[in-house]
Amino acid sequence: MLIPIEGLMVTKRLKGASLVVDNLAFKFPRLIKILADGGYGGTLADWIMDKFGWELEVVLRPDECPSKFQVLPKRWIVERSFAWLENFRRLTIDYEFHADTAVAMVQLAFCKIMLNKYFD
């Protein structure tokens, strides 16, 4: 899972997301689809398709009744992953000084999650 650091403005968000996605080119050769929140659509999706040939699937909330709870398809995968990360104390508070260290801690947390699921 890749988590770009969100900026305050949409342009910063797209710039950060494009930097993260740009690093994926040789790390994940079998990558076909990226799931994203509603803020990552538009030009980013076009850029990803043109540069890498990957599909950026943006999961949007339905317009019919925003106050009523609805299970959104595939969005629960991302929400569940963030919920798992909240079980790690070091990730709930921003202890890390460098962004590389924070990314390493997220990767270690997911390694532990995957190993627990494999051996259970």
Side-chain angles (χ1 to χ4, degrees):
M1 167 172 272
L2 299 167
I3 305 168
I5 299 171
E6 293 188 27
L8 296 176
M9 298 174 64
V10 174
T11 56
K12 288 184 181 180
R13 177 184 289 180
L14 295 178
K15 173 90 171 152
S18 65
L19 291 174
V20 170
V21 171
D22 203 19
N23 291 327
L24 295 177
F26 301 106
K27 292 184 180 180
F28 302 102
R30 297 184 301 167
L31 187 65
I32 297 171
K33 183 185 290 189
I34 300 173
L35 298 175
D37 197 358
Y40 293 103
T43 59
L44 180 66
D46 296 335
W47 178 77
I48 289 174
M49 182 57 84
D50 293 341
K51 185 162 184 174
F52 303 107
W54 300 334
E55 178 185 355
L56 180 70
E57 183 178 335
V58 178
V59 181
L60 299 173
R61 295 183 186 274
D63 293 332
E64 37 188 67
C65 186
S67 61
K68 183 180 174 186
F69 176 77
Q70 292 180 333
V71 177
L72 301 175
K74 298 193 181 176
R75 188 179 177 109
W76 66 270
I77 298 170
V78 176
E79 298 294 335
R80 179 194 60 198
S81 301
F82 282 118
W84 285 340
L85 287 177
E86 289 180 5
N87 292 330
F88 295 89
R89 182 183 173 107
R90 188 161 179 168
L91 297 177
T92 57
I93 300 174
D94 192 16
Y95 289 115
E96 312 307 331
F97 185 71
H98 296 287
D100 294 338
T101 310
V103 170
M105 290 298 131
V106 170
Q107 291 173 343
L108 284 172
F110 274 115
C111 286
K112 183 179 185 309
I113 290 167
M114 288 187 297
L115 286 172
N116 285 344
K117 297 215 173 285
Y118 180 75
F119 289 112
D120 281 346

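Everything numeric here is computed off the predicted structure, so don't read it as measured data.
- L115 CG: more than 12 foreign heavy atoms inside a 6.0 Å radius.
- Other residues, nucleotides and ligands contribute only 12 or fewer heavy atoms inside 6.0 Å of the CZ atom of R89.
- Taking CE of M49 as the start and CG of L44 as the end, the distance is 12.0 Å to the nearest 0.5 Å.
- Looking at every heavy atom in both residues, A109 comes nearest to L91 through CB-CD1, 3.7 Å.
- How far CG of D100 is from CE of M105: 11.5 Å, rounded to the nearest 0.5 Å.
- Separation of atoms OG1 (T101) and CZ (R90) is listed at 7.5 Å; rounding is to 0.5 Å.
- At least one side-chain heavy atom of F88 sits less than 4.5 Å from a side-chain heavy atom of K112.
- Of the possible polar contacts, none joining the W54 side chain to the I34 backbone as a donor-acceptor pair under 3.5 Å is found.
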